[in-house]
2 protein chains.
Amino acid sequence: MTEEASTKDRLVQAATRLFRQRGYDGTGLSEILAEAGVPKGSLYHHFPEGKADLACAAADWTAGEIVRVIDDSFHAAPDWRHGVTTFCYKMAKLFDILNSADACPIFGLMFDGPDQARFRIHAEAAFTRIIAGASHYAQTLGMPPDTAHDMAETFIIGFQGGWTLARVRRNSDVLRSLPTRLYGPASA
Amino acid sequence: MTEEASTKDRLVQAATRLFRQRGYDGTGLSEILAEAGVPKGSLYHHFPEGKADLACAAADWTAGEIVRVIDDSFHAAPDWRHGVTTFCYKMAKLFDILNSADACPIFGLMFDGPDQARFRIHAEAAFTRIIAGASHYAQTLGMPPDTAHDMAETFIIGFQGGWTLARVRRNSDVLRSLPTRLYGPASA
DNA sequence: AGAAGACTAGACTGATCGGTCTAGTGATGA
DNA sequence: TCATCACTAGACCGATCAGTCTAGTCTTCT
């Protein structure tokens, strides 16, 4: 259970962390290698296209994490607003753990890079996945499909903007204020 | 009137465009120099700290542009929602002009770079300036100061998230949908 | 005319970039 | 025992990076 993470996993995790902090172009391959404790040869064995492959893997991994947080937040939620609130608080906590702002949790990381088309397509798929996840719960909680999709999209838009502002301020309060901003003061 | 832009201005404009497209770390000094048609010596004459100075100048310039669009949008607006709608449509148009998505209009550009603290402070000031601009009009249009500030902040959060999604989709429709998302269907 | 300072010009530097390549090492199966 | 193959290891490559430095060209003031 506590076995060593595989070389490949260590690479993806180091890359995710560093890309989040310094961006794609701002992170050197050598930094990733050093942080993962892996030589260059291994990187190109597991990711033949090198840095770009690694970035895509990091993005996929991150999208999966976000979807997982959505699941956790909405699984037992009595209504949409409760789910959103739980999600925002969870992410605010994560924001604070990732020492308050070097990080861009979803996909700031996906816009850089020489291979822009490939990255953009990957990022789009990731957003779609996340919005679909949220939309699913909106339907489960009683909304018709169209409304649900819209609701999920607006939620993710607000969250994305909120994270940006939180980051620039190094302060997660904005995230916690999102439910009120989107849906007005709590009624209970 | 149609006189040549000064060397300094050409540098800032070229830098703004390139940073927007490829990010801070993704843009080489040589590209900026080539696009501006300026030799290296001139850059370091006008911006002694080089690339970092240039990035700050580019951010200031961009913030000024955004504030100007806010002024244009709200100056003659009969109410808050009209102002927001005009702003979103203007920015959607801008988005389409900047060939649909390489661009990050406000400050995605401010998170990279070795000199993170300096950049972040600059970005924070720019956001503050923009929110203050919007807040001013919210008050002019009859809201009490606290409400106005909140309204402006929520508006900018939504816009920021909306631009991100528009970018990843290469489609400005999200921006035009923002007023409805934030304030419900148009009442008139 | 001549000195001074603002500005242009680009060759040059050392560091670092992403990526390639050859040489191993260690486990598996015949 | 030996061949195979997945994987590790890191020296090495040309390109490009941001930044420095010296030289030269204007403009302006005296």
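The shown structure was predicted, so the numbers you read here are calculated from the model rather than taken from an experiment. Order of the sequence lines fixes the chain letters, A, B, ..., with proteins taken first and strands second; residue numbering starts at 1 for each chain.
- The distance from atom CG of A:Leu33 to atom P of C:dT16 is 15 Å, rounded to the nearest whole Å.
- A donor-acceptor contact closer than 3.5 angstrom is absent between the side chains of A:His149 and A:Asp146.
- No more than 12 heavy-atom neighbours from other residues, nucleotides or ligands sit within 6.0 angstrom of NE2 on B:His82.
- Nucleotide C:dG18 holds its C1' atom 16 Å from the CG atom of A:Leu18, rounded to whole Å.
- For A:Glu31 and C:dC17, the CD to P distance is 7 Å, given to the nearest whole Å.
- Listed by first and then second residue, the side chain to side chain donor-acceptor pair (under 3.5 Å) pairs involving residues 129-141 of chain B are B:Asp71-B:Tyr137 (not counting sequence neighbours).
- Whole-Å rounding puts the A:Tyr44 OH to C:dT20 P distance at 6 Å.
- Residue B:Lys51 places its side chain closer to D:dA18 than to any other of C:dT8, C:dG18, D:dA18.
- Between B:Lys8 and B:Asp53, no side-chain nitrogen of the basic residue sits less than 4.0 Å from a carboxylate oxygen of the acidic one, so the salt-bridge criterion is not met.
- Comparing atom distances between the A:Thr7 side chain and each of C:dG18, D:dT8, C:dT8 picks out D:dT8 as nearest.
- For A:Gly41 and A:Leu29, each mapped to the nucleotide of DNA chain C holding its nearest heavy atom, the one lying further toward the 5' end belongs to A:Leu29.
- Of all nucleotides listed (C:dT20, C:dC17, D:dT8), C:dC17 comes nearest to the side chain of A:Ser30.
- When the P atom of C:dG10 is taken as reference, atom CG of B:Leu43 falls 14 Å away, rounded to whole Å.
- Residues B:Ile32 and B:Ala14 approach most closely at O-CB, 4.0 Å, considering heavy atoms.
- In this entry the distance linking CD1 of B:Ile32 with P of D:dC17 reads 10 Å, nearest Å.
- Here the side chain of A:Lys40 is nearest to one of C:dC7, C:dG18, C:dA9, namely C:dG18.
- The shortest distance between the side-chain N/O atoms of B:His46 and the OP1/OP2 oxygens of C:dT8 is below 4.0 Å.
- When rounded to the nearest whole Å, the span between CZ of A:Arg10 and P of D:dA9 equals 9 Å.
- The distance from atom NE2 of B:His45 to atom C1' of C:dG10 is 17 Å, rounded to the nearest whole Å.
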